[in-house]
Amino acid sequence: MSNQAPNQARVIPLRPSAERPGTARPADRPPAPREPLWRDLVGDVLRRERQAQERTLKDVADAARISMPYLSEVERGRKEASSEVLAAAAHALGLSLGDLLARAQGELVRVTSRHAGARRTPTTSSYNGLCLAA
């Protein structure tokens, strides 16, 4: 049996405490650049493609059957759109969902490779990238 209280969950940190936000880090180590969020990357790709086609937000939203305010929020990275919404927006721009996601992935690689040198330090952490999602 566990020594925990019956209604309390046990928290297992994914990063050592020195790397958690809000905790002190060693003075000799610069802060790691923040990786972009997927929704920001996808939104940037949608906006760039729409602007490259010289189309208005209203035009694309109507073609995708998405409300204009919602598409605007997606483009600005404020909303985490479903794959169905992303596919509709992509198709309205003449792209497949795969094209949209491939472009966003390319942008992620480009942005993170710029900062890779600063983060490539050997880790001794036992929390080496394990991520569990429910």
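Worth saying up front: this structure is predicted, and the values here are computed from it rather than measured.
Hydrophobic cluster membership differs between Leu37 and Leu86, with clusters built from Ile, Leu, Val, Met, Phe, Trp and Tyr side chains linked at under 4.5 angstrom. Follow the hydrophobic side-chain contacts under 4.5 Å out from Leu108 and you never reach Val111; the two are in separate clusters. Hydrophobic cluster membership is shared by Leu97 and Trp38, with clusters built from Ile, Leu, Val, Met, Phe, Trp and Tyr side chains linked at under 4.5 angstrom.
For the atom pair OG of Ser67 and CG of Leu57, the computed distance is 9.0 Å after rounding to the nearest 0.5 Å. Atoms CE and CG, from Met68 and Asp59 in turn, are 11.5 Å apart once rounded to the nearest 0.5 Å. Asp40 CG to Arg78 CZ: the interatomic distance, rounded to the nearest 0.5 Å, is 9.0 Å. Distance CZ/Arg50 to CZ/Arg55: 9.5 Å, rounded to 0.5 Å. Expressed to the nearest 0.5 Å, how far CZ of Arg65 lies from NE2 of His91 amounts to 15.0 Å.
You'll find the side chain of Val45 reaches within 4.5 Å of the side chain of Arg48, heavy atoms only. By the 4.5 Å heavy-atom criterion applied to side chains, Glu49 and Arg103 are counted as neighbours.
The minimum heavy-atom distance linking Ile66 with Ala88 is given by the pair CD1-CB, 4.3 Å. Closest heavy-atom contact between Leu46 and Ala90: CD2-N, 4.4 Å. Heavy atoms only, all atoms of each residue included: Ala89 and Val60 are closest at O-CG1, 4.5 Å. Of all heavy-atom pairs between Val85 and Tyr70, the closest is CG1-CE2, 3.8 Å.
Side-chain atoms of Arg39 never come within 3.5 Å of backbone atoms of Lys79 as a donor-acceptor pair (strictly under, hydrogens ignored). In terms of modelled atom types and a separation under 3.5 Å, the side chain of Glu35 and the main chain of Thr112 share no donor-acceptor contact.
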With salt bridge (Lys or Arg N to Asp or Glu O under 4.0 Å) as the test, would you mind laying out the steps for Glu75 and Arg47 before giving the verdict? CA-CA 6 Å; Glu75 281 189 355; Arg47 177 167 281 172; 3.0 Å; yes

Output, in order, the C-alpha distance, side-chain angles, deciding distance and verdict of side chain to side chain contact (heavy atoms under 4.5 Å, CB included) for Asp44 and Glu107. CA-CA 9 Å; Asp44 288 344; Glu107 184 68 13; 5.6 Å; no

